[in-house]
Enquirer: 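Before I ask anything, here is the structure I am working with.
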There are 2 protein chains.
Amino acid sequence: MANIKQIALAAGVSITTVSRVLNGHPYVSEDKRSAVWKAIEQLQYKPNRNAVNLAKGETRMVAVLLPFANHPYFAGMLEGISYFALQHHYHIVLCQTDYKPEEEIRALELLRDKQVDGVIICSKQTNWSTIEPYAAYGPIVVCEYTESSVLSSIYVDYYEITRYIMNMLIDKGHRHIGYTIGRPDSFNSLNRIRAYEEALQEIQVPLVPEWTFSNCYQYDHGEEVIRAISNMHTRPTALVVAGDQSAAGILLGAAKLGIKVPEQLSVIGFDNIPIARVLELSTFDHSSYDIGCLAFTIFYRQLHADVPRTEKHKLPYHFIERMTVGQAPASFTALSNTKTPAQK
Amino acid sequence: MANIKQIALAAGVSITTVSRVLNGHPYVSEDKRSAVWKAIEQLQYKPNRNAVNLAKGETRMVAVLLPFANHPYFAGMLEGISYFALQHHYHIVLCQTDYKPEEEIRALELLRDKQVDGVIICSKQTNWSTIEPYAAYGPIVVCEYTESSVLSSIYVDYYEITRYIMNMLIDKGHRHIGYTIGRPDSFNSLNRIRAYEEALQEIQVPLVPEWTFSNCYQYDHGEEVIRAISNMHTRPTALVVAGDQSAAGILLGAAKLGIKVPEQLSVIGFDNIPIARVLELSTFDHSSYDIGCLAFTIFYRQLHADVPRTEKHKLPYHFIERMTVGQAPASFTALSNTKTPAQK
DNA sequence: TTACCTTATGAAACGCATTTCAGGTCAACC
DNA sequence: GGTTGACCTGAAATGCGTTTCATAAGGTAA
């Protein structure tokens with residue numbers, strides 16, 4: 001394929017002039033400009049992006065780090081990032097990490113090695129101190145709370161939300177409340193747990209470890225949870241579920257097991273993914289699509305304007321009341337041993 | 001950041017020797033080798049990937065072209081590609097096109113401009129003749145049937161599958177059969193339609209245009225379909241749905257509208273995505289994850305071995321019988337005007 | 001008339017690593 | 001002793017654009 005030198009030769013100008021034409025610089029006479037364009041078209045010339053990247057020190061690529069793309073929450077985020085990226089003529093390098101630290105590092109190394117201009121971290125495992133040094137090579141935007149002074153952060157206050165939910169459930173008479181979370185040791189999970197425990201403490205209700213479940217992401221996990229609950233002697237009357245996907249599994253599993261929602265079990269999800277609407281799941285909305293859009297916007301601004309690279313954005317949220325939260329069932333308010341009819 | 005020149009200087013060797021050490025070439029004396037490594041570590045040197053790409057003419061990136069990542073079928077594919085890509089030290093450039101031809105072209109231009117070594121097309125709109133010229137710049141693998149002599153193809157024979165389904169439904173007494181598809185003009189859709197129409201023709205049952213729906217991808221679309229059906233005077237007794245996601249919408253919508261599946265309506269999905277299992281949806285399995293794995297493998301082999309770049313792989317499939325296909329309801333076998341109880 | 005700016009153009013340096021080619025040493029084999 | 005081949009090393013060419021700097025013509029304000 002032709003290169004810039006051949007264009008220069010064909011158009012009878014210098015390489016510099018070709019580059020000027022290519023990049024729309026002023027100070028090129030009309031006749032040379034058209035001669036260059038003519039040569040470019042005749043030889044079907046297109047600049048080699050590697051050479052451009054090398055010379056400009058910019059790749060117009062951004063790495064997106066996430067555990068799995070095959071999850072509506074992250075897929076939504078990806079879509080948001082993608083949409084804004086395309087508008088700004090950026091491309092996305094997808095780094096699916098499965099929460100493996102070594103894969104997360106590899107994504108950050110793309111930044112260090114100048115393969116990308118920045119990184120958007122949707123969710124990660126690695127600790128901040130390992131990530132921070134890479135911020136020297138370009139903006140890093142994290143969709144999670146961090147106090148780091150070199151990273152930008154878009155976050156949802158899960159402590160606040162969880163307190164809000166717990167209060168709502170307690171107001172409705174629930175005392176037997178369980179929860180599910182994703183990774184047990186993530187910052188968000190720890191905040192959820194803290195809010196949960198404090199809320200119970202305030203009304204002096206003991207914590208039942210049996211009613212707490214971790215590593216819940218997919219439908220299957222939700223089904224396992226509801227199966228486990230259906231076999232319990234004393235069941236929770238409400239579940240605070242960390243993601244709509246597993247909440248959907250719980251709902252559909254409950255239907256199969258004959259557990260009535262919300263009459264016997266209230267379920268609250270998170271994320272408001274499409275299936276939540278279909279299943280009438282009460283949930284918290286904080287559109288992952290919008291988070292993605294914002295993440296890209298911040299990355300882009302930080303790269304092109306001389307702004308501090310440590311913005312913090314707390315996201316609003318709101319509760320979407322649908323059909324899965326109700327009053328605590330009378331028979332369950334006190335510790336009872338009632339068996340519900342449908343059980344395997 | 002340090003570059004190779006500074007390492008050469010610090011280690012007291014030539015640039016060539018540093019490059020040799022970096023790339024593990026033989027014929028470097030032990031003392032020089034260790035001097036180079038020492039300099040590399042002291043200066044924290046890492047090669048600039050853009051320079052490497054430029055010099056090697058290879059980027060270890062592959063573009064993945066798909067309409068939307070936020071769909072379990074494509075997300076599964078993406079996961080498969082991703083998994084194999086990581087193993088081979090490749091990265092993925094995600095090109096979400098929303099079926100817009102100009103975005104599809106942009107993805108192909110990445111190949112022409114040497115930003116990626118190849119392209120995997122999961123689904124596209126652009127016609128083959130537009131895509132083919134780009135094959136000159138690197139392997140292009142398409143997850144769809146094509147006769148093109150420069151593209152590789154992994155495909156499922158939807159004509160065959162649809163005939164299989166139609167026969168099954170006809171055997172079970174169904175005569176009022178509807179279908180839903182995605183894009184009405186795609187190759188796969190046309191084959192589905194052809195199989196559908198031929199099957200009806202053979203048993204001399206007239207086609208009811210009202211029972212055919214296009215542009216169905218998401219839950220919402222499925223819900224719209226079932227709502228439309230519930231308002232029909234004469235309803236189909238079976239639906240051949242082109243994707244599990246919209247089939248799920250149909251199932252959940254049917255439950256809300258009081259339409260019993262499969263007693264009143266049989267539903268067959270495609271793809272066997274996770275929600276299908278949860279909803280007991282009878283469907284065809286051809287794992288999109290596996291397609292992704294295969295797609296990357298073919299791309300990789302074509303790039304690194306001297307094999308023809310036009311492999312064709314027809315994928316196996318199998319029907320997964322679950323709970324949504326039944327005998328045609330007696331009252332529906334003949335054209336009847338029976339109204340089912342639950343209607344809005 | 002001098003001083004200075006705008007327009008126009010190309011040579012050369014620069015971004016950075018890989019690869020070819022040529023030259024050299026030393027041991028083994030004929 | 002001469003030839004051959006394995007081992008080692010670096011200068012220079014190569015991949016390809018962008019950007020700086022130097023130069024020069026033409027115009028204008030002081």
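So that the names make sense, note that chain A is the first sequence line, chain B the second, and so on, each numbered from 1.
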Enquirer: Output the rounded distance in Å from NZ (B:Lys5) to P (D:dA11).
Expert: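 In whole Å, D:dA11 P and B:Lys5 NZ are 12 Å from each other.
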Enquirer: Strictly below 4.0 Å, N to O, side chains only: are A:Arg106 and A:Glu109 in salt-bridge contact?
Expert: no
Enquirer: Specify whether B:Tyr217 and B:Phe68 have parallel, tilted or perpendicular ring planes, treating 30° as the upper limit for parallel and 60° as the lower limit for perpendicular.
Expert: perpendicular
Enquirer: For the residue pair B:Ser29 and B:Asp31, confirm or rule out a side-chain donor-acceptor distance under 3.5 Å.
Expert: yes
Enquirer: Checking ring pair (Phe, Tyr, Trp, His ring centres under 6.0 Å) against A:Tyr90, which of A:Phe84, A:Phe296, A:Tyr83 comes through?
Expert: A:Phe296
Enquirer: Say you draw a straight line from NZ of A:Lys32 to OG of A:Ser14; how long is it, rounded to the nearest 0.5 Å?
Expert: 7.5 Å
Enquirer: Report the distance from atom CZ of A:Arg49 to atom C1' of C:dG15, rounded to the nearest whole Å.
Expert: 14 Å
Enquirer: Please state how far atom NZ in A:Lys46 lies from atom P in D:dC16, giving the value in whole angstrom units.
Expert: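 Those two atoms, NZ and P, are 16 Å apart.
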Enquirer: Do B:Asn53 and A:Gln115 have a side chain donor and acceptor closer than 3.5 Å?
Expert: yes
Enquirer: A:Asn53 CG to C:dC14 C1': how many Å, rounded?
Expert: 16 Å
Enquirer: Measure from CG on A:Leu54 to P on C:dC16 and round the result to the nearest Å.
Expert: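 Computing the A:Leu54:CG to C:dC16:P distance gives 7 Å.
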Enquirer: Given atom CG of A:Leu43 and atom C1' of D:dC16, what is their separation to the nearest angstrom?
Expert: 16 Å
Enquirer: For A:Asn23, report the nucleic acid contact type (base, sugar-phosphate, nothing); a contact means any heavy atom under 4.0 Å.
Expert: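 Here A:Asn23 touches the backbone only, sparing every base.
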Enquirer: What I want to check is whether the side chains of B:Thr16 and B:Ser19 have a donor and an acceptor closer together than 3.5 Å.
Expert: no
Enquirer: Identify, between A:His25 and B:Val52, the residue whose nearest nucleotide on DNA chain D lies closer to the 5' end.
Expert: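 Mapping each residue to its closest nucleotide by heavy atoms, the 5'-most match is B:Val52.
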Enquirer: Base, sugar-phosphate, or nothing: which does A:Asn50 touch, judged by heavy atoms less than 4.0 Å apart?
Expert: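 The answer is nothing, as A:Asn50 stays clear of every strand by at least 4.0 Å.
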Enquirer: Please state whether the phosphate of C:dA17, meaning OP1 or OP2, lies under 4.0 angstrom from any side-chain nitrogen or oxygen of B:Asn48.
Expert: no
Enquirer: State the OG1-NZ distance between A:Thr146 and A:Lys124, to the nearest 0.5 angstrom.
Expert: 7.5 Å
Enquirer: What string of B, S and - do you get for nucleotides 5-13 of chain C, 5' to 3', when a contact is any protein heavy atom under 4.0 Å?
Expert: --BBBBBB-
Enquirer: Residues in ring pair (Phe, Tyr, Trp, His ring centres under 6.0 Å) with B:Tyr155, at least two apart?
Expert: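 Applying ring pair (Phe, Tyr, Trp, His ring centres under 6.0 Å) to B:Tyr155 gives B:Tyr145.
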Enquirer: Which angle, to the nearest 10 degrees, lies between the helix axes at the two ends of the helix from C:dT1-D:dA30 to C:dC30-D:dG1, each defined by five pairs?
Expert: 50°
Enquirer: What's the CD1-P distance between B:Ile4 and D:dA11, to the nearest Å?
Expert: 13 Å
Enquirer: What is the separation between atom CG on B:Asp113 and atom P on D:dG15, rounded to the nearest whole Å?
Expert: 18 Å
